[in-house]
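Below: one structure, written as structure tokens.
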Amino acid sequence: MKHWLVKTEPETYGWADLVSKKEDIWDGVRNYQARNFLKDMAEGDLVMVYHSGKHREVVGLAKVSEESFPDPADEEGKGWVAVRLAAENELKRPVTLQEIKGQEELSEMLLLKQSRLSVMPLTANEFDFILQLAEK
DNA sequence: GCCAACGTTGGC
DNA sequence: GCCAACGTTGGC
């Protein structure tokens, strides 16, 4: 199983929106690198949901409920894809960007290295480490 | 509000 | 194919 992190602006579409719908399409990704990661997602993979903007923190866990399919909003047929995510659970407490930056174990995260990437893989270690932080 | 990083567009 | 101009994202 692979592990992922997706970014979203909560003012536009946030963790709360996914929770209220329980399951929803994750679309609108218009970056090739991010698209390739979306295509790599498999049903059952776990996905951390991160809020960008004012509050920069990992807030919840979701699960891939449907592998990549053509993004319905891709009217020009450029090959953009979407996946479907199901809300799993909210972290006991959010793990902030600042906190992530302070951890040696998380220093290689793409979140830190490529600030504009909106879909990225995490190693199992990174994923577990963040979950541990949320327990503290 | 500013700026860095990065992607895209368009002229040549 | 190169590069300048411009737009967007996202952290601070």
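Values below: all heavy atoms of this structure, side chains included; hydrogens, waters and symmetry mates excluded. Convention: sequence-line order gives letters A, B, ...; per-chain numbering from 1. Only a predicted model underlies this, so the values are computations on that prediction, with no experimental measurement involved.
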Query raised in the report: What nucleotide, of C:dG11, B:dC6, B:dT8, holds the atom closest to the side chain of A:Arg116?
Result: B:dC6
Requested in this report: Give a yes or no on whether the backbone of A:Lys54 and the side-chain of A:Arg56 come within a donor-acceptor separation of less than 3.5 Å.
Outcome: yes
Report summary line: Separation of C:dT9 atom C1' from A:Lys54 atom NZ, nearest Å, is 19 Å
Report task. Verify the distance criterion only: is there a donor paired with an acceptor across the side chains of A:Ser52 and A:Glu9 at less than 3.5 Å? Result -> no
Query raised in the report: Using a heavy-atom distance cut-off of less than 4.0 Å, which residues of residues 46-53 of chain A contact DNA chain C?
Result: A:Tyr50, A:Ser52, A:Gly53
Query - Separation of C:dG11 P from A:Ile100 CD1 (nearest whole Å) - result: 10 Å
Query raised in the report: Would you say A:Asp24 and A:Leu85 make side-chain contact, with heavy atoms under 4.5 Å?
Result: no
Query - Ion pair check, A:Asp74 and A:Arg30, cut-off under 4.0 Å - result: no
Query raised in the report: Among the nucleotides B:dT8, C:dG11, B:dG7, which one has an atom lying closest to any side-chain atom of A:Asn31?
Result: B:dG7
Requested in this report: For A:Met120 and B:dC6, give me the distance from atom CE to atom C1', rounded to whole Å.
Outcome: 14 Å
Query raised in the report: Where do A:Glu57 and A:Gln98 land on the side chain to side chain donor-acceptor pair (under 3.5 Å) test, with the steps shown first?
Result: CA-CA 8 Å; A:Glu57 52 198 20; A:Gln98 207 179 8; over 6 Å; no
**Report entry** Between P of B:dA4 and CD of A:Gln114, the distance in whole Å
**Finding:** 19 Å
Query raised in the report: Given axes from five pairs at either end, by how many degrees does the helix from B:dG1-C:dC12 to B:dC12-C:dG1 bend, rounded to 10°?
Result: 10°
Query - Separation of B:dA4 C1' from A:Lys113 NZ (nearest whole Å) - result: 17 Å
Requested in this report: Specify the separation, in whole Å, of atom CD of A:Glu11 and atom P of C:dG11.
Outcome: 12 Å
Requested in this report: Starting at atom NZ of A:Lys101, determine the distance to atom C1' of C:dG11, rounded to an integer number of angstrom.
Outcome: 7 Å
Query raised in the report: Should A:Phe69 and A:Ile25 count as side-chain neighbours, where that means a heavy-atom distance under 4.5 Å?
Result: yes
**Report entry** Within the 6.0 Å centroid threshold, strictly below: A:Trp80 and A:Tyr32
**Finding:** yes
Query raised in the report: To the nearest Å, how far apart are A:Leu110 CG and B:dC6 P?
Result: 12 Å
Requested in this report: Verify the neighbour count for atom NZ of A:Lys2: are there more than 12 heavy atoms of other residues, nucleotides or ligands below 6.0 Å?
Outcome: yes
Query raised in the report: Are the aromatic ring centres of A:Tyr50 and A:Trp15 under 6.0 angstrom apart?
Result: no
